[in-house]
Amino acid sequence: MIKLLQIARPQFLISGLALFVFGASWAILLGAPFSLSRILFGYLVLMPAHLSISYSNDYFDVEVDKYDKPTLFSGGSGILVNHPGLRKPALWIAIALILISLVLGIAFRIIYSFPIWFLGFAVLGNLLGWFYTAPPLRLVYRGLGELSMIFSIGLLIPGFGYLVTSGRINQDGFLFFIPLMLYGLAFILTVELPDMESDRLGGKMTWVAQKGRSFGLTLIAVSFLFATLFFLFFPLLTSRNYPVNFLFLGVLSLLPLGAGCIGLLKRPSEKPLVTQVVNGIMITLAVFLILVDGYVVSLAFSQML
């Protein structure tokens, strides 16, 4: 049982929770009524879907994971490689978590009288997580894994937080999709860096496996840079006053940008050094998301008082 729980790798839930809370808080800032029960219920729809990805990825990636050892943020959990008898239970846990997410999504829709298309968010999120590694699509094996992660991190997860809070999706709900998509790209590329050799051996067509670590580190730094530029220059491109300080967000974005630039300058080629850089980028990115969440949540609560 302990080994099965270790597959969950709960550290990845932090980013999903932060993105969901951001979307919910942004909706409140734009005038949506605050409902703690609705926000919590909404996250209960998202969490099992997010959690299932760790189990399904470990199940379908077990042959690739044999070529490598896991790190804090990459290479899977390694549990199924060392304990192959747990493969079937891991698969059934992944399926059960998806079913729980869908059932809760249906319950949410009925309780809060949401339109039927609301379920599309829950279904699409579960399908993307499952087919990231599962046949027949196996997105990450076809060079499409990055695009699915960009969409999930930049639009789907924060958009779901916005939707369950506001009850609708509009243009303002997707205001931050550009920087969040850029952070999503940087996130998945960072996770891929240590696994370049094993992914090549296992047939994974990640962008890092195809183009190399130097390409990955460059694109990570560029993604962070353009996200920072969005925060700094977006206010100059619109006449509308939004209830956030974009300059402050731009200053906060210097944290991941700095970590990305350090990785680009070092350009490590060996896995131990790459792993150190990856850990630094991932931890800095997590801190950035938490700080942004804290800022937006504080604004939302100030508005309600």
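- Put simply, the side chain of L189 does not reach to within 4.5 Å of the side chain of L193, judged on heavy atoms.
- Under the 30°/60° scheme for interplanar angles, the aromatic rings of F41 and F108 are found to stand perpendicular.
- With hydrogens and angles left out, the side-chain atoms of N245 and Y295 include no donor and acceptor closer than 3.5 Å.
- Residues Y59 and I95 form no side-chain contact, since every pair of their non-hydrogen atoms from C-beta on lies 4.5 Å or further apart.
- Rounding to the nearest 0.5 Å gives a distance of 4.0 Å between CG of D172 and CZ of R240.
- The side-chain heavy atoms of W130 and F60, taken from C-beta on, include a pair separated by under 4.5 Å.
- Contact check for I116 versus R109: side-chain heavy atoms found under the 4.5 Å cut-off.
- Classified by interplanar angle (parallel below 30°, tilted 30° to 60°, perpendicular above 60°), the ring pair F12/F73 is perpendicular.
- In this structure, the ring of F160 has its center less than 6.0 angstrom from the ring center of F118.
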| query | Passes salt bridge (Lys or Arg N to Asp or Glu O under 4.0 Å), K66 versus E63? Steps please. | reply | CA-CA 5 Å; K66 290 179 180 179; E63 295 301 322; 3.2 Å; yes
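- With contacts defined as side-chain heavy-atom distances shorter than 4.5 Å, the pair T71/V278 does not qualify.
- Taking the six-membered ring where tryptophan is involved, the planes of Y112 and F114 are perpendicular, since the angle between them exceeds 60° and thus also 30°.
- Under the 4.5 Å side-chain heavy-atom criterion for ILVMFWY residues, a single connected hydrophobic cluster contains both L182 and L291.
- Taking a cutoff of 4.0 Å between a charged side-chain nitrogen and a carboxylate oxygen, R213 and E270 do not qualify as a salt bridge.
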Could you list the donor-acceptor pairs under 3.5 angstrom formed by side chains in residues 132-145, with sequence neighbours left out?
residue: T133; atom: OG1; partner: N57; partner atom: OD1; Å: 2.9
residue: Y141; atom: OH; partner: D61; partner atom: OD1; Å: 2.6
residue: R142; atom: NE; partner: L137; partner atom: O; Å: 2.5
residue: R142; atom: NH2; partner: P136; partner atom: O; Å: 2.8

| query | What's the verdict on salt bridge (Lys or Arg N to Asp or Glu O under 4.0 Å) for D58 and R9, showing C-alpha distance, side-chain angles and the deciding distance? | reply | CA-CA 11 Å; D58 263 29; R9 308 187 80 192; 5.7 Å; no
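- When ring centroids are compared, W26 and F174 stay outside the 6.0 Å threshold.
- Within the 4.5 Å cutoff, the side chain of M47 has no heavy atoms near those of the L17 side chain.
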| message | Run the side chain to side chain contact (heavy atoms under 4.5 Å, CB included) test on L249 and F234 for me, step by step, so that the C-alpha distance in whole Å, both residues' side-chain angles and the decisive distance to 0.1 Å come before the verdict. | response | CA-CA 11 Å; L249 292 175; F234 176 79; over 6 Å; no
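- For R267, the CZ atom is densely surrounded, since the number of other residues' heavy atoms within 6.0 Å is greater than 12.
- No side-chain heavy atom of D65 sits less than 4.5 Å from a side-chain heavy atom of L80.
- Under 3.5 Å, the side chains of D195 and Y67 contain no donor-acceptor pair of N or O atoms.
- Note: F230 and F246 have perpendicular aromatic rings, judged against thresholds of 30 and 60 degrees for the angle between ring planes.
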